Amino acid sequence: MTPLAEMETGYFDEVIAGNLRGAFLAARAARPLLAAREGSSFVMVSSGLAHHVRPGYGAYSAAKAAVIAMTKTLALEWAPNVRVNAVAPGLVDTAFLRGGTGRSEEDGASVVDLDAYRRATPLARIAEPVDVTGPIRFLLSQDSRFMTGQVLWVNGGGYMP
């Protein structure tokens, strides 16, 4: 959680590369496989911070907002054979909340005030990974066959665009 004005360029680049460039590379690699099957679907993962920005999350918010723009662009470019949508979760109870980077054991204290977050969320809890994978499965299924270029905000009502 670093203000943009104080952020090292290398760290900014790492956040953009991991969150935006990584999504771009995944989409580009998946495209030939998806194009071979009519009715295919691709789901990008953004974040509630893409639109509900908070201080200290500038690079992450920018990357995830760009993922939404990329989702909409790909939805237009890959139509009508491949649908492209996104999920934008709020806070999810993963090791990242405990200061993790995904590269080590992450079992420390939360970097976020979880009690305050619960109180600010209408459903009064923190999301679990299954709360996000369910909407992703929906977007990948034929139940969403007339959806493309859409964003599902998965946040317990904490942000309602």
Side-chain angles (χ1 to χ4, degrees), residues 1 14-31 33-34 39-79 82-103 106-161:
M1 295 188 281
E14 184 178 328
V15 171
I16 296 298
N19 290 285
L20 177 59
R21 188 171 193 269
F24 162 74
L25 292 172
R28 190 174 71 177
R31 172 70 169 119
L33 301 170
L34 295 169
S40 294
S41 179
F42 188 75
V43 178
M44 306 285 263
V45 179
S46 182
S47 169
L49 289 169
H51 285 280
H52 187 62
V53 298
R54 311 304 315 146
Y57 295 95
Y60 182 78
S61 292
K64 292 303 191 173
V67 167
I68 290 174
M70 187 166 36
T71 296
K72 293 175 181 182
T73 302
L74 292 175
L76 293 171
E77 292 176 353
W78 293 5
V82 179
R83 298 177 297 107
V84 183
N85 294 289
V87 295
L91 199 64
V92 181
D93 190 3
T94 66
F96 288 95
L97 290 185
R98 290 170 286 290
T101 63
R103 301 176 189 152
E106 290 113 358
D107 56 2
S110 175
V111 296
V112 176
D113 183 342
L114 298 178
D115 289 330
Y117 191 86
R118 283 183 195 96
R119 287 190 302 272
T121 304
L123 292 185
R125 66 179 180 85
I126 307 297
E128 299 172 9
V130 69
D131 295 321
V132 180
T133 59
I136 289 172
R137 286 192 312 272
F138 165 71
L139 289 172
L140 291 171
S141 77
Q142 287 301 301
D143 290 338
S144 64
R145 68 181 186 228
F146 200 60
M147 293 177 68
T148 196
Q150 303 302 305
V151 179
L152 292 182
W153 301 95
V154 182
N155 56 39
Y159 172 66
M160 300 180 201

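Quick caveat, the model's predicted, so the values are computed rather than measured. These numbers come from the heavy atoms of this one structure, side chains and all, not from hydrogens, waters or symmetry mates. Starting from 1, each residue takes its place in the sequence as its number.
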So does R125 pair up with D131, basic N to acidic O under 4.0 Å? yes
Nearest heavy atoms of P135 and V154, plus distance in Å: CG-CG2, 3.9 Å
Closest non-hydrogen contact found for G156 with P122 is O-CD, 3.4 Å
Y60 side chain to L49 main-chain N or O, any donor-acceptor pair under 3.5 Å? no
For the student: nearest non-hydrogen atoms of L34 and S40, plus distance: O-OG, 2.9 Å
Straight-line distance of T94 OG1 to L91 CG, nearest 0.5 Å: 8.0 Å
Starting at CD of E14, measure out to CZ of R21 and round the result to the nearest 0.5 Å. 13.0 Å
Taking C-beta and beyond as the side chain, do R118 and T121 meet within less than 4.5 Å on heavy atoms? no
Kindly give the heavy-atom pair with the smallest separation between M44 and A23, and that separation in Å. CE-CB, 3.9 Å
Test item: D113 and Y117 side chains (from C-beta on) under 4.5 Å apart, heavy atoms: no
Heavy-atom check, side chain of M70 versus side chain of F24, under 4.5 Å: yes
Does the T148 side chain pair with the main chain of V84, one donor and one acceptor, at a distance under 3.5 Å? yes
Are H52 and W153 close enough, and set up right, to give a ring pair (Phe, Tyr, Trp, His ring centres under 6.0 Å), and what steps lead you there? CA-CA 11 Å; H52 187 62; W153 301 95; 9.7 Å; no
For the pair S141 (side chain) and F138 (backbone), establish whether a donor and an acceptor sit closer than 3.5 Å, ignoring hydrogens and angles. yes
Do N85 side-chain atoms and M147 backbone N/O form a donor-acceptor pair below 3.5 Å? yes
Does some side-chain heavy atom of V67 sit less than 4.5 Å from a side-chain heavy atom of V45? no
From M1 CE over to Y57 OH, what is the distance, rounded to the nearest 0.5 angstrom? 4.0 Å
Can you give me the closest heavy-atom contact between W78 and A27, atom names plus distance? CH2-O, 3.3 Å
Please answer whether the main-chain N or O of L139 pairs with a side-chain N or O of S144 as donor and acceptor at a distance below 3.5 Å. yes
Between the side chain of S46 and the main-chain N/O of K64, is any donor-acceptor distance below 3.5 Å? yes
Minimum side-chain heavy-atom gap I68-H51 below 4.5 Å: yes
